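Single-structure report; data block below.
Just the heavy atoms: all of them, side chains too, but no hydrogens, waters or symmetry mates, feed the values below. Start at 1 and go down the list; that is how both ligands and their atoms are numbered. Nothing here was measured: the structure is a model prediction, and the numbers come from that model.
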Amino acid sequence: MKIELLVDAVPRHSVDPVQRALLDAAIEALDRAYAPYSGFRVAAAVRLANGSVVVGTNQENASYPVGICAERVALSTANSLAPGEVVEAMAITYRPPSGAARVPLAPCGMCRQALVEQHARQQSPLELILAAEEGDVWRVADARDLLPLAFTPADLNG
Ligand code: THU
């Protein structure tokens, strides 16, 4: 079996304006991350089918495993504010302790699972726009491509 990872690398200046706006919303949210333990700030912005944009940032905790990633904060907030609304796209950005980075960040494994669940909920693809504060943008047309052989709701039926 061959598993393909479908990622397009796009120079920043040629990013589509709609994607660029979502990325800018995520970058703007970086200052609102709560990351006193890792110093690693992450922000995610989702665009819903109704046109609204919802952001999330990582929220850490002195009890480290209690912390939650930006992507799941954004998805949970969007689903709580607008249940049933399709999440069309998510932009993810970050700022490491060393300052602005150039290489895009892909979501952690737990967030990939949450993105797969979102696809199952809405039955339509969720596009990812991955970028640091500078440098190239990586585009993934369907977040499920980042989690091959995923465990999905259908698996619960055996
Ligand atoms: N983090 C995210 O928010 N999203 C990711 O995709 C990777 C990791 C957060 C979790 C923790 O607060 C910090 O980054 C360092 O792992």
> Less than 4.5 Å apart, any side-chain heavy atom of Arg95 and any of Asp31?
Replying inline: yes
Give the table of side-chain donor-acceptor pairs shorter than 3.5 Å for residues 62-71, with sequence neighbours excluded, one pair per line with atom names and distance.
none

>> Once rounded to the nearest 0.5 Å, what's the spacing between atom CG of Asp8 and atom CG of Asp136?
In response: 11.5 Å
> When you measure from atom 16 (O) of ligand 1 to every protein heavy atom, which one gives the shortest distance, and what is it?
Replying inline: Phe40 CD2, 4.8 Å
> Under 3.5 Å, N or O to N or O, is Ser38 touching ligand 1 that way?
Replying inline: no
>> Can you name the atoms of ligand 1, numbered from 1 with element, that are less than 4.0 Å from a heavy atom of Cys69?
In response: 1 (N), 2 (C), 3 (O), 4 (N)
> Are any of the heavy atoms in Pro107 under 4.0 Å away from ligand 1?
Replying inline: yes
> Between Gly39, Gly109, Cys108, which one has a non-hydrogen atom sitting closest to atom 7 (C) of ligand 1?
Replying inline: Cys108
> Rounded to the nearest 0.5 Å, how far apart are CG of Leu147 and CD of Gln113?
Replying inline: 6.0 Å
>> Taking side chain to side chain donor-acceptor pair (under 3.5 Å) as the definition, give me every residue that meets it alongside Asn79, ordered by chain and number, with sequence neighbours left out.
In response: Gln118
> For ligand 1, which atoms have a heavy atom of Glu71 less than 4.0 angstrom away?
Replying inline: 2 (C), 3 (O), 4 (N), 5 (C), 6 (O)
> Can you tell me the protein heavy atom closest to atom 3 (O) of ligand 1 and the distance?
Replying inline: Ala70 N, 3.0 Å
> Are side-chain heavy atoms of Asp142 and His119 found at a separation under 4.5 Å?
Replying inline: yes
> Counting heavy atoms only, which of Met110, Gln59, Arg41, Glu60 is nearest atom 11 (C) of ligand 1?
Replying inline: Glu60
> What protein heavy atom sits nearest atom 9 (C) of ligand 1, and how far away is it?
Replying inline: Asn58 ND2, 3.6 Å
> Any side-chain heavy atom of Val7 sitting closer than 4.5 Å to one from Leu130?
Replying inline: no
> Is Ile68 in polar range of ligand 1, meaning some N or O pair under 3.5 Å apart?
Replying inline: no
